[in-house]
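Accompanying notes for the structure given below.
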Amino acid sequence: MLIHRVLTASVAVPIILAAAWFGPPWITALAGLAAVIGVWEAYRLYSLSTTGNDGVAAKGLPAALGGIWSAALVLGGELAATPCDFAKTAGAICTAGCIASALWMIAAWRGRRWVNAALWLVLPPVCIGGGLACAVALRGIEQAPVADSLIPAQIANAGTGLWWLLLGILTVYAADTGAFSVGRLIGRHRMAPAISPGKTWEGAAGGMAGAVIAAIALGSGTPLGLEVWQAAVTGVILGIVSPAGDLMESIAKRWAGVKDSGAIFPGHGGMLDRLDSLLPSFIVVYVMAVYLSAVK
């Protein structure tokens with residue numbers, strides 16, 4: 001299992017970093033593909049959890065609707081010129097998606113617990129597509145680079161949006177690595193045994209330390225030019241929301257009675273298993289980037 005995780009990461013991580021470096025349309029295409037697969041996996045979890053209880057379970061929720069919705073949000077993140085435009089575009093897309101979902105429920109739903117079905121129809125495209133749209137929008141943020149950055153000028157000139165995106169990705173990776181390593185070595189006290197038996201409080205502390213260290217290194221030693229305390233606070237926030245996203249997905253998997261959301265990544269599970277920590281982190285980093293870019 002560990003060998004599979006390492007081999008998969010050695011292929012996936014360079015692809016992600018390359019897409020982040022080159023920006024649109026590569027980052028948009030990758031994020032859009034991830035959003036569509038993630039929504040499909042989320043709808044599959046719902047179908048597994050309701051088999052035998054709802055009449056529509058065998059057919060499942062309309063993955064095409066959710067996929068188009070989430071992909072449209074990602075595209076909106078690239079095309080929006082300003083945060084205000086992004087908010088308006090996302091609002092319009094979500095309004096259209098909610099209307100389409102309501103029409104589908106009226107026309108096609110024949111099972112019980114329609115409220116649960118409606119929420120599950122709406123939330124995955126909003127959360128998955130919205131989180132990845134924030135990642136794409138992050139890549140487009142521009143501000144004057146800090147002159148005394150430790151990064152060579154030719155790399156710094158790639159744009160601060162790149163560094164905001166790398167801050168979100170690599171800080172979460174550092175948190176996951178810290179939590180996994182410390183938890184395996186000294187983890188004794190279970191954090192949420194009924195939801196995710198493998199998580200421990202010791203691992204959570206290791207993940208928090210990894211997030212803070214990575215955020216300080218990426219925030220204060222790059223063209224972002226954050227103060228050390230700002231970068232540390234960012235690390236603390238990501239050290240909280242990252243495992244929170246993981247736990248939320250674990251609840252969904254428990255409800256569906258499966259260990260992983262899919263099997264697309266050997267040793268890692270499905271797309272949702274890779275996105276669960278990143279999605280809320282992208283949203284947090286995007287909000288912070290917009291705010292700090294405005295006050296500088």
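Start at 1 with the first residue, then count along the sequence. Since the model is a prediction, treat every value here as computed from it, not as a measurement.
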Where do [X] and [Y] come nearest, in terms of heavy atoms and distance?
| X | Y | answer |
| --- | --- | --- |
| A31 | V74 | CB-CG1, 3.8 Å |
| S281 | V172 | OG-CG2, 3.2 Å |
| L73 | G130 | CD1-N, 3.7 Å |
| R254 | A194 | NE-O, 3.8 Å |
| A20 | L166 | CB-CD2, 4.4 Å |
| G210 | A174 | O-CB, 3.5 Å |

Just wondering, do [Y] and [X] contact through their side chains at under 4.5 Å, heavy atoms?
| X | Y | value |
| --- | --- | --- |
| L45 | V258 | yes |
| V290 | F86 | no |
| T89 | L79 | no |
| L61 | S47 | no |
| T222 | T160 | no |
| I169 | I16 | yes |
| S277 | Y173 | no |
| L65 | I68 | no |

Whether W104 and W109 hold their rings parallel, tilted or perpendicular, with breakpoints at 30° and 60°: tilted
Worked verdict on L170 versus L167 for side chain to side chain contact (heavy atoms under 4.5 Å, CB included): CA-CA 6 Å; L170 297 180; L167 174 66; over 6 Å; no
By side chain to side chain contact (heavy atoms under 4.5 Å, CB included), which residues pair with [X], not counting sequence neighbours?
| X | answer |
| --- | --- |
| I251 | I195, M248 |
| V122 | W69, C98, S101, V126 |
| M208 | V212, V236, I240 |
| T82 | C84, D85 |

Salt bridge (charged side-chain N to carboxylate O under 4.0 Å, His left out) partners of D176, counting only residues at least two apart: none
Salt bridge (charged side-chain N to carboxylate O under 4.0 Å, His left out) partners of E249, counting only residues at least two apart: K253
Qualifying salt bridge (Lys or Arg N to Asp or Glu O under 4.0 Å) pairs with a residue from residues 229-247, counting only residues at least two apart or across chains: K199-D246
Pairs involving residues 123-135, ordered by first then second residue, that meet salt bridge (Lys or Arg N to Asp or Glu O under 4.0 Å) (sequence neighbours left out): none
Passing option when T200 is tested against R190, R188, M191 for side-chain contact (heavy atoms from CB on, under 4.5 Å): R190
Ring pair (Phe, Tyr, Trp, His ring centres under 6.0 Å): pairs with one or both residues in residues 114-139, sequence neighbours excluded: Y46-W120, W120-W255
Residues in ring pair (Phe, Tyr, Trp, His ring centres under 6.0 Å) contact with F282, at least two apart in sequence or another chain: none
Qualifying side-chain hydrogen bond (donor to acceptor under 3.5 Å, both in side chains) pairs, either residue in residues 26-41, two or more places apart: T28-E78, E41-S261
Of all pairs that satisfy side-chain hydrogen bond (donor to acceptor under 3.5 Å, both in side chains), the ones with a partner from residues 202-219, not counting sequence neighbours: H189-E202
Intermediate values then yes/no, side chain to side chain contact (heavy atoms under 4.5 Å, CB included), I264 and I37: CA-CA 10 Å; I264 191 172; I37 296 174; 4.0 Å; yes
Steps toward side chain to side chain contact (heavy atoms under 4.5 Å, CB included) verdict (L292, W164): CA-CA 11 Å; L292 293 175; W164 279 116; 3.7 Å; yes
Check the hydrophobic clustering (I, L, V, M, F, W, Y; side-chain heavy atoms under 4.5 Å; chains of links allowed) and say if [X] and [Y] are grouped together.
| X | Y | result |
| --- | --- | --- |
| L75 | V39 | no |
| V36 | I93 | no |
| L279 | L165 | yes |
| I27 | V13 | yes |
| V228 | I213 | no |

Can you tell me if [X] uses its side chain to pair, donor with acceptor, with the backbone of [Y] under 3.5 Å?
| X | Y | value |
| --- | --- | --- |
| Y43 | L121 | yes |
| D273 | G270 | yes |
| R139 | P24 | no |
| S242 | G239 | no |

Distance (rounded to the nearest 0.5 Å) between [X] [atom1] and [Y] [atom2]:
| X | Y | atom1 | atom2 | result |
| --- | --- | --- | --- | --- |
| T234 | E227 | OG1 | CD | 12.0 Å |
| D260 | M271 | CG | CE | 13.5 Å |
| I283 | L138 | CD1 | CG | 10.5 Å |

L132 and L275: CA distance, side-chain angles, deciding distance, side chain to side chain contact (heavy atoms under 4.5 Å, CB included) verdict: CA-CA 9 Å; L132 290 169; L275 292 177; 4.1 Å; yes
